[in-house]
Amino acid sequence: MTDKKMTERAKQAQQRRNELLQSAKRLFAEKGYHATTTRSINQSIGMADGLIYHYFPEGKKQILFTLIEEESERKLIGMQQAVSTLHKEMPVDEFLFNIAKIIFKYATKDKEYILILFRESHILESDTVNSFFNQFKETIDFAVDILNHYIAENKVKDLDPRMMLMQFSNSITIYIVQILIMNKDFIFGLEEEEDYIRMLVDHTVKTWSPS
């Protein structure tokens with residue numbers, strides 16, 4: 001068999017594997033892990049029963065773990081790249097606005113992933129969940145350094161910078177949970193994501209102001 005044919009076969013196998021993962025992702029989010037069968041995952045992409053075990057020998061649980069691990073890694077890389085564009089010369093409001101946009105981009109734009117992560121966290125191994133949050137913490141550390149600079153320059157109050165960011169990000173999390181988990185279309189009468197972000201940033205800047 002030629003190298004070209006081997007490469008084509010490898011590409012087809014990778015595509016099939018990705019199709020299985022995306023099928024499982026949709027069904028896990030829609031029906032839940034326990035209500036989703038391997039057969040339904042196969043059928044949704046027209047794959048023969050049993051072939052799923054060629055790609056995932058341990059079955060449905062391996063699919064769930066692989067899905068979360070690979071999706072988490074992709075999102076964290078994207079978040080780290082986005083956060084690395086922030087810098088201490090930014091005005092405080094611009095810094096907060098960008099932090100909020102980054103969080104929204106990597107949370108609300110993938111409802112299925114967020115639903116699975118929250119709903120099936122009791123099934124996922126602690127190492128899988130902890131790895132995600134530990135890497136997220138490392139990403140936030142970069143933002144903490146910038147906030148420390150603002151404190152040193154007396155641009156914001158001299159408070160615990162990690163707690164400041166936690167309160168700010170938690171306010172975003174509340175919005176995200178309402179939108180994604182509770183299926184509400186708006187909060188505080190604001191239908192647009194950007195309206196909420198601007199309201200939150202304005203409030204935070206006033207709260208953090210040293211004067």
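Numbering of residues begins at 1 and proceeds along the displayed sequence.
- Taking the side chain as every heavy atom from C-beta outward, Glu94 and Asn98 approach each other to under 4.5 Å.
- Look at Glu71 and Arg74 and you find a salt bridge, because one of the NZ, NE, NH1 or NH2 atoms lies within 4.0 Å of a carboxylate O, short of that distance.
- At least one donor-acceptor pair under 3.5 Å links the side chain of Ser171 to the backbone N or O of Gln167.
- Here the closest non-hydrogen pair linking Arg26 and Ser44 is NH2-CB, 3.2 Å.
- Distance NZ/Lys25 to CG/Asn18: 11.5 Å, rounded to 0.5 Å.
- At a threshold of 4.5 Å between side-chain heavy atoms, the hydrophobic network of Ile, Leu, Val, Met, Phe, Trp and Tyr places Met90 and Phe142 in one connected group.
- Under a hydrophobic-cluster definition in which Ile, Leu, Val, Met, Phe, Trp and Tyr are linked whenever side-chain heavy atoms come within less than 4.5 Å, directly or via other members, Met166 and Phe97 are assigned to different clusters.
- Using a 4.5 Å heavy-atom cutoff, the side chains of Leu159 and Met163 are not in contact.
- Contact record, Asn42 with Asp49: ND2-CA, 3.6 Å, taken as the closest heavy-atom pair.
- The heavy-atom pair separating Ile45 from Ser23 by the smallest distance is CG2-CB, 3.9 Å.
- Taking NZ of Lys61 as the start and CD1 of Ile123 as the end, the distance is 8.0 Å to the nearest 0.5 Å.
- For the side-chain hydrogen bond (donor to acceptor under 3.5 Å, both in side chains) test, residues two or more places apart in sequence or in another chain that qualify with Gln15 are Glu19.
- At a threshold of 4.5 Å between non-hydrogen side-chain atoms, the residues Arg162 and Asp141 count as touching.
- For Arg119, the CZ atom counts as densely surrounded, since its 6.0 Å shell holds more than 12 non-hydrogen atoms of other residues, nucleotides or ligands.
- Annotation: side chain of Met164 is not in contact with side chain of Phe168 (no heavy-atom distance under 4.5 Å).
- Atom CG in Leu64 sits 9.5 Å away from atom CD in Glu69 (nearest 0.5 Å).
- Under the ring pair (Phe, Tyr, Trp, His ring centres under 6.0 Å) criterion, no residue pair touches residues 41-61, with sequence neighbours excluded.
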Which atom pairs, one a donor and one an acceptor, fall under 3.5 Å between side chains of residues 204-211 and the rest of the protein, sequence neighbours left out?
from: Thr204; atom 1: OG1; to: Leu200; atom 2: O; distance (Å): 2.7
from: Thr207; atom 1: OG1; to: His203; atom 2: O; distance (Å): 2.8
from: Ser209; atom 1: OG; to: Ser211; atom 2: N; distance (Å): 3.4
from: Ser209; atom 1: OG; to: Ser211; atom 2: OG; distance (Å): 3.1

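- Here the shortest heavy-atom pairing between Ile63 and Ala24 reads CG2-CB, 3.5 Å.
- A distance of 8.0 Å separates OG1 of Thr37 from CG of Leu27, quoted to the nearest 0.5 Å.
- Here Ile146 contributes atom CD1 and Glu89 contributes atom CD; the two are 9.0 Å apart, rounded to the nearest 0.5 Å.
- Closest approach of Lys31 and Thr36 over heavy atoms only: CB-OG1, 3.9 Å.
- What you find for Phe104 and Ile172 is that their closest heavy atoms are CE1-CG2, 3.5 Å.
- If you take CG on Leu67 and CD1 on Ile116, they are separated by 5.0 Å, rounding to the nearest 0.5 Å.
- Here Arg17 pairs with Glu70 under the side-chain hydrogen bond (donor to acceptor under 3.5 Å, both in side chains) rule; sequence neighbours left out.
- For Tyr33, the ring pair (Phe, Tyr, Trp, His ring centres under 6.0 Å) partners are Phe28, not counting sequence neighbours.
- Remark: the backbone N or O of Lys60 is not paired with any side-chain donor or acceptor of Thr38 at under 3.5 angstrom.
- Looking at Phe65 and Glu58, their side chains never come closer than 4.5 Å, going by heavy atoms from C-beta outward.
- Contact annotation: the side chain of Asp110 approaches that of Glu112 to within less than 4.5 Å [non-hydrogen atoms, C-beta and beyond].
- Screening residues 143-155 for side chain to side chain donor-acceptor pair (under 3.5 Å), with sequence neighbours left out, gives no hits.
- Met79 places none of its side-chain heavy atoms less than 4.5 Å from the side chain of Lys105.
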